[in-house]
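Input: a single structure, listed below in structure tokens.
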Amino acid sequence: MNRFVYLTDVVTLELDVTKCTGCRMCLVVCPHAVFGIENKRAVILNKDLCMECGACAKNCPEGAINVKSGVGCAAGIINGLLRGTEPTCDCGEGSSSCC
Amino acid sequence: MTSYIHGEIETPVGPLPRIATKWTHLDRWGALKTRWSVGRMKYRVRPGIYAVGNPDRDSRVFVTGNFKLSFDHLRRNLEGLNCWILVIDTKGINVWCAAGKGSFGTKEVVRRIRIHHLAQLVDQRKLILPQLSAPGVSAHEVRKMTGFTVVYGPVLARDIRAFLDAGLKASDEMRQVNFPLFERLKLIPVDIFYGKQYMLIVPLVFLALSGLNPQGYSFDLALNSGWKPVVNLFSGYLAGCALTPALLPWIPFRRFSIKGVVTGWFVAVPLLLAGTLGISLMEKVSWFLMMGGLSSFMAMNFTGSTTFTSLSGVQKEMKTALPAQIAMASLGLAGWIITRFIFI
Ligand code: SF4
Ligand code: SF4
């Protein structure tokens, strides 16, 4: 499949396989097919495709996944710098990146 | 009364509005306006439960945010079904952004289930949420707090029928977010309006500056040649916020800021040949710097609209790109102003 890859080796995604029960929830919620299952446990297949949305960590019942999630958005980071906060996007009211 | 509400339905929790699944011209007009970022602030649906068709105690429950376009896409794809829609309050923001900010989150879902008495309305205990809400919602926590099991549906509402037919299973393709040309083109209008507060003032300043010359100031000169910098500026701007998104996969380099320089210079070449970049070498170089810097900045901004850039990646890119863009733009501007005063 035609996939966009952004910068490599920067993503903060981590998986603690020892906690994983193989429930597959991370595979369900990830929009970029980052995870797979091997030997009934989750594995990270395509780390560089991760956009740090945080869906997997939020939905892993065992707390096996860690990722510093946030908006991968330059305007948001500038906002954060100006206000001295974490990056926050003002994409706000109805920007159309999804439905 | 809102155009999409067609009467009411009696339920154990009181009368609930029944909605239409077909879009009217009003809905289409609203969608178009939203796309062009006109009046986006007011495009909301009142949170609560809505009926589609003739739902009963066993009917499925779909959950969505109260940005009207999200709601419209959902209801349009539920035609002919009998089901419920639970609209939660995402402050009028689309599902994905709201999930990222946390307003489409576990707390709000749980709160809405409670205040609208969903447990009294239906006997079944499944909720279908858009997959893109997953960054904000923790399925196992919702179950712990309410007894409802969250099932994540497909990314796109148009796949809902196939998802239902497959027994609440989204295929791998339905779960993944792609970023095809058409999607990218739809985002360009919003991007173009990013700089709307400067769109009048900056060109006017350049127009005014064009009147400067070694002899002093000439209004004639400003009026006769002032259009050139305006053309250059808009070309650089559009190279970054329209051309770059459209051609994204075909422009070399991964960093958006470098892609932006490429497109900025790409459009500068025909302008160079047409003569709008000026006559002296210094003037031309100045315009390459300004157009490259501007286009680079706008292209980098597009990271906010993409579906694959990570926060860590964008932070890393910006660390070098932002100073470089500022340097390019200010050097270019300084160079161009100097060429106003030396004879060319
Ligand atoms: S969601 Fe957590 S427990 Fe389930 S498969 Fe993924 S890592 Fe393992
Ligand atoms: S953070 Fe998002 S993109 Fe990255 S692995 Fe988790 S679900 Fe996938």
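Protein chains get the first letters and strands the later ones, always in sequence-line order, with residue 1 at the start of each. Worth saying up front: this structure is predicted, and the values here are computed from it rather than measured.
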Does Gln197(B) have more than 12 heavy atoms from other residues, nucleotides or ligands lying within 6.0 Å of its CD?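 Result for CD/Gln197(B): enclosed.
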Within the supplied structure, the quantity of interest is the number of heavy atoms (other residues, nucleotides, ligands) at a distance under 6.0 Å from Arg161(B) CZ; does it exceed 12?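 Enclosed: over 12 neighbouring heavy atoms sit under 6.0 Å from CZ of Arg161(B).
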In the structure I gave you, are the side-chain heavy atoms of Tyr6(A) and Thr306(B) within less than 4.5 Å of one another anywhere?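 With C-beta onward as the side chain, the pair stays apart.
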Any heavy-atom pair between the side chains of Arg254(B) and Thr8(A) that's under 4.5 Å?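 Yes; the side chains approach each other to less than 4.5 Å.
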I'd like to verify something: which residue of Val29(A), Leu27(A), Thr12(A) has the highest number of heavy-atom pairs under 4.5 Å with chain B?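 The answer is Val29(A).
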Do you know which of Ala57(A), Ala55(A), Cys56(A) has the most heavy-atom pairs with chain B at a distance under 4.5 angstrom?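 The residue among Ala57(A), Ala55(A), Cys56(A) with the greatest pair count is Ala55(A).
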Under the criterion side-chain contact (heavy atoms from CB on, under 4.5 Å), I'd like the reasoning laid out for Glu52(A) against Ser312(B): C-alpha separation, chi angles, the key distance, then a yes or no. CA-CA 8 Å; Glu52(A) 298 183 328; Ser312(B) 304; 2.7 Å; yes
What distance do [X] atom [atom1] and [Y] atom [atom2] have between them, rounded to the nearest 0.5 Å?
X         : Y         : atom1 : atom2 : value
Asn59(A)  : Gln131(B) : CG    : CD    : 9.5 Å
Ser310(B) : Lys47(A)  : OG    : NZ    : 11.0 Å
Thr309(B) : Met51(A)  : OG1   : CE    : 6.0 Å
Thr106(B) : Lys58(A)  : OG1   : NZ    : 5.0 Å

Please lay out, stage by stage, how Tyr152(B) and Met25(A) fare under the test side-chain contact (heavy atoms from CB on, under 4.5 Å). CA-CA 10 Å; Tyr152(B) 289 109; Met25(A) 202 58 186; 3.5 Å; yes
For [X], is it the side chain, the backbone, both or neither that has a heavy atom under 4.5 Å from a heavy atom of chain B?
X        : answer
Val67(A) : neither
Cys53(A) : both
Cys60(A) : backbone

Identify which part of [X] has an atom lying under 4.5 Å from any heavy atom of chain A, answering side chain, backbone, both or neither.
X         : value
Met318(B) : side chain
Phe302(B) : neither
Glu317(B) : both

Classify the ring geometry between Phe308(B) and Phe4(A) as parallel (under 30°), tilted (30 to 60°) or perpendicular (over 60°).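 Parallel, since the angle between the ring planes stays under 30°.
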So which of Gly136(B), Ala99(B), Ala170(B) has the largest heavy-atom pair count under 4.5 angstrom toward chain A?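 Looking at each option in turn, the highest pair count goes to Gly136(B).
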Which heavy atom of Leu7(A) sits nearest a heavy atom of Arg255(B), and at what distance?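 For Leu7(A) versus Arg255(B), the nearest heavy atoms are CD2-CG, 3.7 Å.
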I'd like to know if the side chain of His32(A) reaches the main chain of Asn178(B), judged simply by a donor and an acceptor atom lying under 3.5 Å from each other, with no hydrogens or angles considered.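 No.
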